[in-house]
There are 2 protein chains.
Amino acid sequence: MKIGDQYYQSIWIDENDPFVVKVIDQQKLPFFFEIKDLRSVDDVFNAIEDMTVRGAPLIGAAGAFGMYLSTLEMNSLSNIREHLSNAARYLISCRPTAVNLSWAVNYVMGKLKNAEHTASLTKIAHDAAIEICEMEKENCRQIGIHGLKLIESISKKKKGKPVNILTHCNAGWLACIDYGTVTAPIYLAHEKGVPVHVWVDETRPRNQGAKLTAYELGQNGVPYTLIPDNSGGHLMQQKQVDIVIVGSDRTTRKGDVANKTGTYLKALAAFDNKIPFYCALPSSSIDFSISDGVKEIIIEERNPDEVTNVTGFAEGKIQSVRICPDDTVAVNYGFDVTPARLITGLITERGICRATEKDIKEMFSN
Amino acid sequence: MKIGDQYYQSIWIDENDPFVVKVIDQQKLPFFFEIKDLRSVDDVFNAIEDMTVRGAPLIGAAGAFGMYLSTLEMNSLSNIREHLSNAARYLISCRPTAVNLSWAVNYVMGKLKNAEHTASLTKIAHDAAIEICEMEKENCRQIGIHGLKLIESISKKKKGKPVNILTHCNAGWLACIDYGTVTAPIYLAHEKGVPVHVWVDETRPRNQGAKLTAYELGQNGVPYTLIPDNSGGHLMQQKQVDIVIVGSDRTTRKGDVANKTGTYLKALAAFDNKIPFYCALPSSSIDFSISDGVKEIIIEERNPDEVTNVTGFAEGKIQSVRICPDDTVAVNYGFDVTPARLITGLITERGICRATEKDIKEMFSN
């Protein structure tokens with residue numbers, strides 16, 4: 001998608017130097033637009049850890065590129081198999097609960113293990129990483145095509161008045177490689193001239209909505225309004241929301257969705273006000289090994305400093321302010337689980353299905 | 001209640017100068033503890049407008065003291081009746097939707113109108129303002145006594161394990177004159193040795209939970225944990241919340257409650273998880289003229305800067321940081337309405353009743 005007048009992906013290989021991976025520094029958005037060079041496995045590890053890159057598909061792609069860079073770090077003394085295994089383990093350890101990261105790293109590892117000549121390892125890893133990027137982009141594009149139909153159908157009913165879409169956190173193109181999951185239907189509708197307007201939840205504690213979703217929608221000309229996470233219920237009661245679309249970090253085989261903390265509250269409000277609530281997700285987020293999300297998904301606790309402090313922009317620089325007494329104890333659960341019974345449907349790359357075990361099974365039977 | 005080792009009310013008359021009204025500057029809490037002198041009607045108006053004082057009962061009391069100060073501003077040329085009416089109108093205009101403010105100002109005006117001698121106006125206004133303070137304190141104390149029973153009963157079931165109470169915004173002693181509404185049962189339980197722990201919603205956009213509730217609970221030794229507004233749903237799903245207690249800015253005769261934005265989302269989560277959800281309120285918050293809160297209560301829109309910016313403490317001073325792109329449009333609805341069907345009960349100074357027209361009528365029949 002676009003930043004200013006230029007087209008970007010959120011990760012790419014330097015056109016002038018194929019041994020440099022480039023990413024947009026998402027820690028500094030929307031205040032500064034900076035591109036970071038990743039030249040080593042360590043660089044990738046650090047970029048994931050410090051959230052220079054974030055979002056499940058992007059983290060996966062970064063991990064894959066990390067494996068590519070690891071092939072450049074071998075020397076004549078290296079035990080190749082050990083070197084690659086260590087790199088894979090190291091990269092995965094950075095965010096152990098991120099399903100996409102381990103999946104992508106292991107995917108590249110699988111390709112490397114099958115290599116017949118060690119000379120070709122770099123090319124194999126490179127191609128596998130690019131393949132993952134293209135696959136993620138295509139998944140998003142397909143989610144967009146399917147989700148667009150929902151927006152168009154509401155637009156028709158509203159006789160062309162803007163369709164009000166509420167979203168939480170950032171499941172946009174910045175989190176993916178391009179298009180985004182939640183944002184793909186929105187961008188496609190906007191490009192097609194279907195009037196849309198997005199209510200952007202700020203998404204405390206890290207404010208990915210205020211910082212990233214607002215930024216990317218603005219850069220691509222999509223009308224939006226920023227709201228506190230607390231406002232969605234009131235807006236839904238007052239019929240100011242036509243559809244809610246959120247992402248999914250992990251989806252159980254029964255259709256429960258673990259997503260950014262606060263998603264469940266919006267699902268409850270949508271249900272209470274009979275507003276359709278959809279989760280946009282690539283099928284890679286579906287974990288067929290688990291059934292009951294509330295009981296089985298362990299919710300990651302993040303640093304409480306994200307709760308006690310807010311980072312923003314003042315006096316020309318990025319600054320952090322404390323919002324509570326200095327001895328305050330805080331907790332920071334990163335995600336919550338929305339039970340399938342509150343979800344109208346899942347928008348996947350294969351199409352839209354209800355959030356039930358039967359429908360999910362049918363859609364992903366092969 | 002206490003700040004450090006000293007007992008305070010949130011508004012009082014200077015013990016050394018009866019013509020000075022003192023308040024704690026709540027804009028600066030929890031970062032700086034400063035007491036402000038109010039010496040004129042203008043001082044009171046400004047203190048309410050810039051939120052040096054906030055919270056329905058405290059705003060009412062401040063308005064009453066404003067009328068007291070207005071009696072000191074008359075001179076021999078004043079048309080007394082006109083002078084007082086102007087002061088009353090001016091004070092009420094500061095927050096026209098604040099029911100307590102107009103009620104308290106009009107209460108003092110009523111007393112002044114009945115005065116037989118103009119010489120006694122100052123004393124009459126003084127006594128009326130003090131009377132309002134004492135009444136608010138007593139209401140809170142009674143709410144505390146009734147609410148304490150709920151906490152004690154949960155404590156008994158939990159065999160003395162801490163009772164986990166979730167609250168939103170600040171309906172604490174700082175918002176009232178003393179005790180608070182929501183906090184009164186909590187303080188009474190704590191004083192009595194019933195173990196309690198409070199989940200404090202930060203309460204975006206103004207963060208009154210993080211700034212004020214956290215501060216006052218901490219100063220009075222009550223264990224608490226600060227959480228983002230997004231976390232409550234997850235905590236309730238995981239049975240980490242035993243009871244939710246929130247305040248009410250306005251209650252309809254059918255028991256709908258308008259309270260700080262985000263309250264409705266917590267009520268939905270409590271209902272979904274079968275957790276008791278109570279509103280603590282003085283009967284003065286009940287507006288018998290309205291029935292359906294969602295349809296009839298007009299929700300005040302506040303300055304969108306409160307959404308796009310967050311105020312906190314850094315480098316020794318209070319600072320504001322922007323959290324979104326600089327051309328971001330935001331909206332800021334101050335309140336939302338929780339329908340009575342989601343409310344387990346109302347804790348009032350007369351006792352606890354269900355949030356139904358019948359029960360409210362019965363409790364307040366006289």
Side-chain angles (χ1 to χ4, degrees), chain A residues 30-31 202-205 207 210-211 214-215 218 223-235 237-238 260-266 268-269 271-272 294 299 304 306-315 318-333 335-337, chain B residues 30-31 202-205 207 210-211 214-215 218 223-235 237-238 260-266 268-269 271-272 294 299 304 306-315 318-333 335-337:
Chain A
F31 313 117
E202 62 175 336
T203 320
R204 278 281 289 155
N207 289 331
K211 287 180 175 165
Y215 177 75
Y224 72 90
T225 305
L226 178 66
I227 51 172
D229 302 311
N230 284 323
S231 301
H234 170 67
L235 289 172
Q237 280 180 327
Q238 298 300 326
K260 187 65 58 199
T261 178
T263 300
Y264 166 52
L265 296 172
K266 294 301 140 65
L268 286 166
F271 192 83
D272 198 45
V294 173
I299 300 297
E306 295 180 355
V307 179
T308 55
N309 291 268
V310 175
T311 302
F313 186 83
E315 295 169 357
I318 295 174
Q319 298 198 45
S320 180
V321 294
R322 180 162 51 76
I323 59 160
C324 57
D326 60 5
D327 54 357
T328 295
V329 173
V331 289
N332 184 7
Y333 293 100
F335 304 90
D336 65 20
V337 174
Chain B
F31 313 116
E202 61 175 337
T203 321
R204 276 282 287 155
N207 288 330
K211 287 180 174 165
Y215 177 76
Y224 71 91
T225 305
L226 178 66
I227 50 172
D229 301 310
N230 283 323
S231 300
H234 170 68
L235 290 171
Q237 280 180 327
Q238 298 300 327
K260 188 64 59 200
T261 179
T263 301
Y264 166 51
L265 296 172
K266 294 301 139 64
L268 286 166
F271 192 82
D272 198 45
V294 174
I299 300 297
E306 293 179 358
V307 179
T308 56
N309 291 269
V310 175
T311 302
F313 185 83
E315 294 168 357
I318 295 175
Q319 299 197 45
S320 180
V321 294
R322 180 162 50 77
I323 59 160
C324 57
D326 59 6
D327 54 357
T328 295
V329 173
V331 289
N332 184 8
Y333 293 100
F335 304 90
D336 64 20
V337 173

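Both backbone and side-chain heavy atoms feed into the values below; hydrogens, waters and symmetry mates do not. Per chain, numbering begins at 1; letters A, B, ... match sequence-line order.
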TODO: Identify which part of B/Pro30 has an atom lying under 4.5 Å from any heavy atom of chain A, answering side chain, backbone, both or neither.
DONE: side chain
TODO: Compare every heavy atom of B/Glu202 with every heavy atom of A/Val307, then report the nearest pair and how far apart it is.
DONE: O-OE1, 4.4 Å
Open item on the list: Return the OG1 to NE2 distance between B/Thr261 and A/His234, rounded to the nearest 0.5 Å.
Closed with: 7.5 Å
Task: Heavy-atom pairs under 4.5 Å with chain B, option from A/Ile227, A/Val294, A/Thr263, A/Leu235 with the top count - done: A/Val294
Task: Nearest heavy-atom neighbours spanning B/Leu265 and A/Ala269 - done: CD2-CB, 3.7 Å
- [ ] Output all residues satisfying side-chain contact (heavy atoms from CB on, under 4.5 Å) with A/Asp327, sequence neighbours left out; order by chain, then residue number.
- [x] A/Pro325, B/Tyr224
Open item on the list: Quick check for you: to the nearest 0.5 Å, what is the distance between A/Asn230 atom CG and B/Asp229 atom CG?
Closed with: 4.0 Å
- [ ] Flag the one option from A/Asn207, A/Thr308, A/Thr328 with the top tally of heavy-atom pairs under 4.5 Å to chain B.
- [x] A/Thr328
Task: Rounded distance (nearest 0.5 Å) linking atom CG of A/Asp326 with atom CZ of B/Phe31 - done: 9.5 Å
Open item on the list: On a heavy-atom basis, which atom in B/Val321 and which in A/Thr311 lie closest, and how many Å separate them?
Closed with: CG2-C, 4.4 Å
- [ ] With a 4.5 Å cut-off on heavy-atom pairs, point out which of B/Ala314, B/Gly233, B/Ala214 contacts chain A the most.
- [x] B/Gly233
Task: Choice from A/Thr203, A/Asp336, A/Val331, A/Ile318 maximising heavy atom contacts with chain B below 4.5 Å - done: A/Val331
- [ ] Name the region of A/Gln319, side chain, backbone, both or neither, that has any atom closer than 4.5 Å to a heavy atom of chain B.
- [x] both
- [ ] Between chain B and each of A/Val337, A/Val310, A/Ile299, A/Asp272, count heavy-atom pairs under 4.5 Å; write down the option with the most.
- [x] A/Asp272
- [ ] Using a 4.5 Å cut-off on heavy atoms from C-beta on, say whether the side chain of A/Leu268 contacts that of B/Phe271.
- [x] no
Open item on the list: Going by side chain to side chain donor-acceptor pair (under 3.5 Å), name the residues that satisfy it together with A/Glu306, two or more places apart in sequence or in a different chain.
Closed with: A/Arg206, A/Arg302, A/Asn332
Task: Residue part contacting chain B, namely of A/Tyr264, when any heavy atom lies under 4.5 Å - done: side chain
